[in-house]
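In this chain, numbering begins with 1 at the start of the sequence shown.
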Amino acid sequence: MATASKLCNSPPAALSSSSSSVKPRSSLASVSFVSLHNKTGFNSKVVSSQLSLRNNHALRGSLVVRCSQAGGNGSATKRTSLHDLYEKEGQSPWYDNLCRPVTDLLPLIASGVRGVTSNPAIFQKAISSSNAYNDQFSLDAAQLWELVQSGKDIEAAYWELVIKDIQDACKLFEHIYDETDGGDGYVSVEVSPRLADDTQGTVEAAKWLHKVVDRSNVYIKIPATAPCIPSIKEVIANGISVNVTLIFSLARYEAVIDAYLDGLEASGLDDLSKVTSVASFFVSRVDTLIDKMLEKIGTPEALDLRGKAAVAQAALAYQLYQKKFSGPRWEALVKKGAKKQRVLWASTSVKNPAYPDTLYVAPLIGPDTVSTMPDQALQAFVDHGAVSRTIDVNVSEAEGIYSALEKLGIDWSYVGTQLELEGVDSFKKSFDSLLDTLQEKANSLKLVSH
């Protein structure tokens with residue numbers, strides 16, 4: 001789309017003022033809210049009664065989500081279920097993807113998306129599969145020669161590409177940030193996954209990213225590894241807003257909340273209103289691992305619990321959230337303007353095709369939460385997601401599922417540790433693969449320049 005390309009190549013300041021000139025790539029039908037029915041052959045007990053299941057179908061929603069592909073994201077309808085999520089239930093829908101042109105986000109924002117999350121895997125896919133980054137990468141021939149010299153310089157090139165995208169995206173969401181007094185409209189960028197075991201290195205990287213991005217509505221993502229829990233406290237104490245990522249267990253989630261509270265208290269700031277945070281609690285990956293363990297156990301009771309662990313644990317996480325952000329300690333911080341560290345549901349795409357495509361979105365709707373959704377989950381929810389508060393309607397059921405899994409021998413501590421290791425390793429591999437891709441692009445551009 002010519003208009004979008006022109007906008008994307010403009011300075012960030014031009015993005016906001018020009019956004020109204022973005023022309024639709026295609027017309028889209030209006031959203032229809034439909035009654036949902038059980039999937040044939042699927043055990044409806046997999047989820048609580050609050051989650052409606054649906055037959056296999058072609059998506060009929062108004063929002064066609066295609067990041068930087070031919071046809072783009074089309075034009076937004078006037079209202080979608082994403083608007084209702086926020087206005088009626090207090091949950092902020094975010095988009096778990098980012099690529100060029102960032103103006104592809106404009107129809108999504110108009111459709112109700114209120115923030116963006118990114119990670120090394122997202123940028124690896126975006127940069128390696130697109131030519132949209134070549135122009136910036138080859139702007140300076142002298143710099144290009146230097147980039148080919150060493151891996152360190154290639155990593156510097158990576159950050160230049162990423163920082164530009166983050167800055168441009170921040171500009172698009174700035175009006176939401178302003179309208180909510182810093183309560184929403186954030187864009188997240190993650191420190192290098194190579195620092196997951198480096199406490200001080202993470203602190204320095206977070207400070208550097210915060211400084212160079214230089215946007216009020218940027219979240220610096222820090223993994224919730226044991227070595228990085230102290231990093232979270234220190235970064236918050238320095239007045240930097242943080243998205244804590246890769247949380248897979250209740251115990252680690254509580255440590256993350258405590259780090260946020262400790263950081264606010266240690267900041268020495270009289271006004272805490274500009275220091276905010278979200279805690280990214282991962283969902284679908286929990287079922288992916290535990291389902292395999294249940295299938296190995298193989299009893300009817302075990303098999304009946306497949307697809308239930310992740311949502312149950314998330315419901316209990318919300319109970320922990322409500323408990324920790326209440327009482328005298330929290331009220332003392334509120335007097336200084338402190339805002340709750342909202343829980344963010346991450347990893348919301350369905351990995352098992354036998355499960356409903358909104359399994360990790362629909363049962364987790366509640367106030368003061370964020371749901372970040374990749375393409376398929378976002379489109380599915382807009383198409384047929386039901387908007388109602390579900391996160392705490394069946395707490396006793398969630399407690400029963402959590403306990404039943406323990407009785408079967410499922411070690412929640414092991415699950416959290418294993419998924420954290422897998423998550424960090426996955427991001428490291430994506431990061432390393434991306435640097436290799438950039439090196440190859442640098443080499444090819446060098447050859448072309450001869």
**Asked** Are Leu82 and Phe381 close enough that some pair of their side-chain heavy atoms sits under 4.5 Å apart?
**Response** yes

**Prompt:** Out of curiosity, Leu421 CG to Thr225 OG1, how far, rounded to the nearest 0.5 Å?
**Reply:** 10.0 Å

**Asked** Are any of the side-chain nitrogens in Asp214 or Lys211 under 4.0 Å away from the carboxylate oxygens of its partner?
**Response** no

**Request:** With sequence neighbours left out, write down each residue that passes salt bridge (Lys or Arg N to Asp or Glu O under 4.0 Å) with Asp198, or none if nothing qualifies.
**Result:** none

**Request:** Would you please name every residue forming a side-chain contact (heavy atoms from CB on, under 4.5 Å) with Glu179, sequence neighbours left out?
**Result:** His175

**Prompt:** So, Asn238 and His210: side-chain donor and acceptor under 3.5 Å apart, yes or no?
**Reply:** no

**Prompt:** For residues 324-342, which residue pairs qualify under side chain to side chain donor-acceptor pair (under 3.5 Å), counting only residues two or more places apart or in two chains?
**Reply:** Ser92-Arg342, Asp184-Arg342, Glu254-Lys324, Asp258-Lys324, Asp262-Arg329, Glu265-Arg329, Ser277-Gln341

**Prompt:** Is Asp291 paired with Lys308 through a side-chain N to carboxylate O contact shorter than 4.0 Å?
**Reply:** no

**Prompt:** Centres of the Phe282 and Trp345 rings: under 6.0 Å?
**Reply:** no

**Prompt:** Mind checking whether Phe431 and Tyr158 have parallel, tilted or perpendicular rings, split at 30° and 60°?
**Reply:** perpendicular

**Request:** Compare all side-chain heavy atoms of Leu98 with those of Val102 and state whether any distance is below 4.5 angstrom.
**Result:** yes

**Asked** Do Asp84 and Glu89 come close enough that some side-chain heavy atom pair is under 4.5 Å?
**Response** no

**Prompt:** Step by step, would you call Val187 with Ser118 a side-chain contact (heavy atoms from CB on, under 4.5 Å)?
**Reply:** CA-CA 8 Å; Val187 178; Ser118 67; 5.8 Å; no

**Complete:** Rounded to the nearest 0.5 angstrom, the CD-OG1 distance for Gln91 and Thr369 is 3.5 Å

**Prompt:** Would Glu295 and Lys292 pass as an ion pair if we require N to O under 4.0 Å?
**Reply:** no

**Asked** Is a side-chain donor-acceptor pair under 3.5 Å present for Asp287 with Tyr355?
**Response** no

**Request:** Check whether more than 12 heavy atoms from other residues, nucleotides or ligands sit under 6.0 Å from atom NZ of Lys323, and answer yes or no.
**Result:** no

**salt bridge (Lys or Arg N to Asp or Glu O under 4.0 Å): pairs with one or both residues in residues 414-426, sequence neighbours excluded** = Arg252-Glu420, Asp425-Lys429

**Asked** Taking the six-membered ring of Tyr86, is the NZ or CZ of Arg114 close enough (under 6.0 Å from the centre) and on axis enough (within 45°)?
**Response** yes

**Request:** Go through the structure and list residues passing side chain to side chain donor-acceptor pair (under 3.5 Å) with Gln313, not counting sequence neighbours.
**Result:** none

**Complete:** salt bridge (Lys or Arg N to Asp or Glu O under 4.0 Å) pairs touching residues 233-244, sequence neighbours excluded, are none

**Prompt:** What do the steps show when you test Ser284 against Lys351 for side chain to side chain donor-acceptor pair (under 3.5 Å), and what is the final call?
**Reply:** CA-CA 7 Å; Ser284 67; Lys351 308 297 191 293; 2.6 Å; yes

**Message:** Testing the basics here: between Ile240 and Val242, what is the closest heavy-atom pair and its distance to 0.1 Å?
**Reply:** O-CG2, 3.5 Å

**Asked** Rounded to the nearest 0.5 Å, how far apart are CD1 of Ile391 and OG of Ser388?
**Response** 11.5 Å

**Asked** Under 6.0 Å between the ring centres of Tyr186 and Phe173?
**Response** no

**Prompt:** If you measure from CG on Leu333 to CG on Leu269, what distance do you get to the nearest 0.5 Å?
**Reply:** 11.5 Å

**Prompt:** Atom OG in Ser349, atom CG in Leu359: separation rounded to 0.5 Å?
**Reply:** 11.0 Å

**Asked** Quick one: are Lys207 and Val203 in side-chain contact, heavy atoms under 4.5 Å?
**Response** yes

**Prompt:** Within a reach of under 6.0 Å around NZ of Lys88, are more than 12 heavy atoms found that belong to other residues, nucleotides or ligands?
**Reply:** no

**Item:** Reference residue Cys170; test side-chain contact (heavy atoms from CB on, under 4.5 Å); the match among Val189, Val218, Asp165
**Value:** Val218

**Prompt:** Could you give the distance from CG (Leu250) to CG (Leu320), rounded to the nearest 0.5 Å?
**Reply:** 6.5 Å

**side-chain hydrogen bond (donor to acceptor under 3.5 Å, both in side chains), paired with Ser280, selected from Thr372, Thr117, Asn243** = Asn243

**Request:** For salt bridge (Lys or Arg N to Asp or Glu O under 4.0 Å), just list the numbers for Arg389 and Asp392, CA-CA rounded to whole Å, side-chain angles, deciding distance to a tenth of an Å, and then say yes or no.
**Result:** CA-CA 8 Å; Arg389 180 166 177 162; Asp392 51 7; 2.6 Å; yes

